[in-house]
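Remarks on the structure that follows.
By convention here, the first residue in the shown sequence is residue 1. Only a predicted model underlies this, so the values are computations on that prediction, with no experimental measurement involved.
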Amino acid sequence: MKKRSHILLFCALLSWLCAGATVKFPYPILGGELSNSAATSADDIGEVMPRMARLGLNTVLVPAYWELMEPVEGQFDFTLIDATIDRARENGLKVVFLWFGAWKNSMSCYAPAWFKQDVKRFPRARTRSGKPVEIACAFSDNVLHADLTAFTALMQHLAQKDRGTGTVIMMQIENEIGMLEAARDHSPLAEKAWKSPIPSAVLPLVTQSSNLKSPVTWSDAFGDDPYGEEKFMAYYYACYVEHLAKAARDIYDMPLYVNAAMNSRGRKPGEYPSAGPLAHLADFWQAGAPTVDLLAPDIYDTGFKSWAAQYAMPQRPQDGGPVKNRLFIPESRCCENSGVRALYAFGEHQALGFSPFAIDQASARETESVTRAYDLLRQLSRLQPTNSSWGLLFDQDDRERIISDADDVVMTCRHYFTLPWDPRATDGSTWPEGGAVLLRLNKYEYLLAGSGVVVDFKTRGEKAQEEQQRLGEDGFVEAGGPSSNQKHEAQNFKGQRLGLLSVDEVSIDETGHFRYLRRHNGDQSHQGRHARIGVGEWKMLHIKLYSYE
């Protein structure tokens, strides 16, 4: 049974990488990434895995530390790897390993001591001034050989221990690769590559002026442009990663990804980790590392929706047609908004997975939203596919989204605090984010699952003729305000209107059928005006409409 489950899971993961428009949640990775030092002892692993299962995760992202796996060159210790797999199995969890190899958050801090101390054999990257930094040189064959040897040993061990059981479902190669303090490496080996002809695989991606002579070198094309230097570095980082990716695929085939630290807050290459698998460098990464399946964002900054959209992007054409870079968020700030952000990622982009970082160290207030959202997503995964799905995510500044579907239905979706009667909306505190998955099941039939949102439904004609009225705390027109009749008594309404036939709070059982919990009507639907889920509530509403004239 376990073997069959793994085969189904692996097929589901692969189908997500190249799925079409039909929305289905076959195996959403409802993940959490452990803090960096949470798996450095067997005791810690034994303590943390049951806690992760109780939080409602189905997958744990766990570091695999080069320094602890190969403390002596050529001698490998897989004690922590085995403990992670064994404890995960005992608790019904899957594992994504994160290879903390040559680079972790740009730095080479997880390389073994024998690697760090032998600078001549394993050279460091250098800044423009020639200063060495604690970053292994990606142009060194010795660095690559040592890293690749250890990573290959890890993949061989996983194949021996895990094949046929499938606890390990995906592999991250390195962690947040990138050059710091400079846009590119200026070591002697890097300078040699910089002055060499641009490889044919990447030459079409480089904008060239008409006066460049062939063969075109990187230095010819970019000079001192830091964004050009970043492209150069991105390609060679990708080429390095490709060696590890090909080895992994040959030994124990599973989805592979690389993660990126964001280029946020107006910083320039080198001020952020330059040349990582960033969205604006995707072409260079895909040219250099075609075996890697996903470029994945680590989202900590504001603007969650914008970052997510950048990584739900077209990938390099393969097998005669374009493939989607399926959105997978391996790291996101663990906070009280994590749950609604997960719902948005799955609803809007049909994400492969979502994973708050350092969830093992988070407070109960922060993890509650994850647990509640994951419960809703787990239920949604039991439904039959549907062709229409949207993600909703609102905050104090981004309060409303208007969605039109093919059935002449216009849905005005808003943050719950846009309703006039909740005192928390105006008490001066920052609004918690509200979010949901909104699914179209059939004509005039929808499912809304989330927290802190309100949705009303109108025909296009009705929406166009909608009157903007200022509502008081009771939801009616302010006393003394002009009524619709007074303002437009000479205008006649034309066309059909939509009404709420029913709004039922439901759950979804193991067979994919709705289980009725309660009817939302009267005050709970504002007398048939909208469907809503309050801030701090986590519900699933089955909504049916009807039309009338």
Side-chain angles (χ1 to χ4, degrees), residues 16-19 21 23 28-29 31 33 105-106 172-179 183 205 226-228 230-231 233-235 237-238 241 255-290 292-318 322-333 337-338 340-357 389-395 397-398 401 433 435:
W16 272 64
L17 297 178
C18 47
V23 176
I29 293 178
E33 181 171 328
N105 292 57
S106 299
Q172 176 185 291
I173 302 177
E174 310 295 347
N175 187 86
E176 291 189 357
I177 293 174
M179 181 69 189
L205 301 176
Y227 293 96
E230 183 181 36
K231 293 175 182 177
M233 200 70 200
Y235 176 68
Y237 272 140
V241 166
L256 307 168
Y257 75 96
V258 285
N259 65 325
M262 299 293 93
N263 52 323
S264 58
R265 308 176 205 178
R267 294 175 292 194
K268 297 178 181 179
E271 296 173 353
Y272 62 79
S274 174
L278 294 155
H280 71 279
L281 299 170
D283 288 345
F284 289 85
W285 267 88
Q286 289 163 355
V292 170
D293 298 299
L294 299 168
L295 310 182
D298 291 346
I299 306 178
Y300 291 90
D301 289 287
T302 57
F304 182 89
K305 290 195 287 189
S306 175
W307 291 119
Q310 290 183 47
Y311 283 83
M313 59 186 172
Q315 198 175 27
R316 184 177 64 82
Q318 298 177 13
V323 194
K324 297 297 270 186
N325 188 78
R326 203 59 175 262
L327 178 63
F328 175 55
I329 302 174
E331 294 184 36
S332 183
R333 185 182 303 281
N337 295 321
S338 293
V340 293
R341 292 174 183 177
L343 292 171
Y344 173 81
F346 284 104
E348 185 69 12
H349 298 294
Q350 297 78 57
L352 177 63
F354 180 88
S355 174
F357 174 68
S389 168
W390 302 273
L392 307 178
L393 187 62
F394 304 115
D395 59 24
D397 299 315
D398 181 9
R401 179 182 181 184
E433 293 177 9

Hits for side chain to side chain donor-acceptor pair (under 3.5 Å) against Y311, two or more places apart or cross-chain, chain-then-number order -> none

Separation between CD1 (I299) and CD (Q310), nearest 0.5 Å, reads 9.0 Å

For D283, the salt bridge (Lys or Arg N to Asp or Glu O under 4.0 Å) test, sequence neighbours excluded, returns none

Output for pair (H349 NE2, Y344 OH), nearest 0.5 Å, gives 4.0 Å

> Are R326 and Q350 side-chain neighbours, meaning at least one heavy-atom pair lies under 4.5 Å?
Replying inline: yes

_Min side-chain heavy-atom separation N175-E331 under 4.5 Å_ = yes

When rounded to the nearest 0.5 Å, the distance separating CH2 of W307 from CG of L327 is 13.5 Å

Taken in chain and number order and not counting sequence neighbours, the residues that satisfy ring pair (Phe, Tyr, Trp, His ring centres under 6.0 Å) with Y237 are W103

- Item | Exam field: side chain Q172 to backbone Y257, donor-acceptor pair closer than 3.5 Å | no

Discussion item. Does any part of the side chain of P277, heavy atoms only, come nearer than 4.5 Å to the side chain of N259, both counted from C-beta?
Written reply: no

Scanning both residues in full, the closest heavy-atom pair of D298 with P330 reads OD1-CG, 3.2 Å

d(R341 CZ, R333 CZ) to nearest 0.5 Å is 8.0 Å

Worksheet entry | Derivation of the side chain to side chain contact (heavy atoms under 4.5 Å, CB included) call for N337 and F304 | CA-CA 11 Å; N337 295 321; F304 182 89; over 6 Å; no

**Pairwise side-chain contact, F354 with I329, heavy-atom cut-off 4.5 Å (strictly under)** = yes

S264 meets the side chain to side chain donor-acceptor pair (under 3.5 Å) criterion, sequence neighbours left out, with R267, D301

Donor-acceptor under 3.5 Å (S106 side chain, P273 main chain) = no

Taken in chain and number order and not counting sequence neighbours, the residues that satisfy side chain to side chain donor-acceptor pair (under 3.5 Å) with R401 are E348

Residues passing the salt bridge (Lys or Arg N to Asp or Glu O under 4.0 Å) test with E174, sequence neighbours excluded, are none

Item to complete: Decide yes or no for V258 and W285: does some side-chain heavy atom of the first lie under 4.5 Å from some side-chain heavy atom of the second?
Response: yes

Is there side-chain contact between Y300 and M262, with at least one heavy-atom pair below 4.5 Å?
no

Closest non-hydrogen contact found for A260 with E176 is C-CG, 4.2 Å

Taking the side chain as everything from C-beta on, heavy atoms only, tell me whether P269 gets closer than 4.5 Å to N263. no

When rounded to the nearest 0.5 Å, the distance separating CZ of F328 from OG of S355 is 6.0 Å

- With no hydrogens and no angle check, is any side-chain donor or acceptor of K305 less than 3.5 Å from a backbone partner on L393? yes

Check for a donor-acceptor pair, side chain of S274 on one end and backbone N or O of M179 on the other, with a separation under 3.5 Å. no

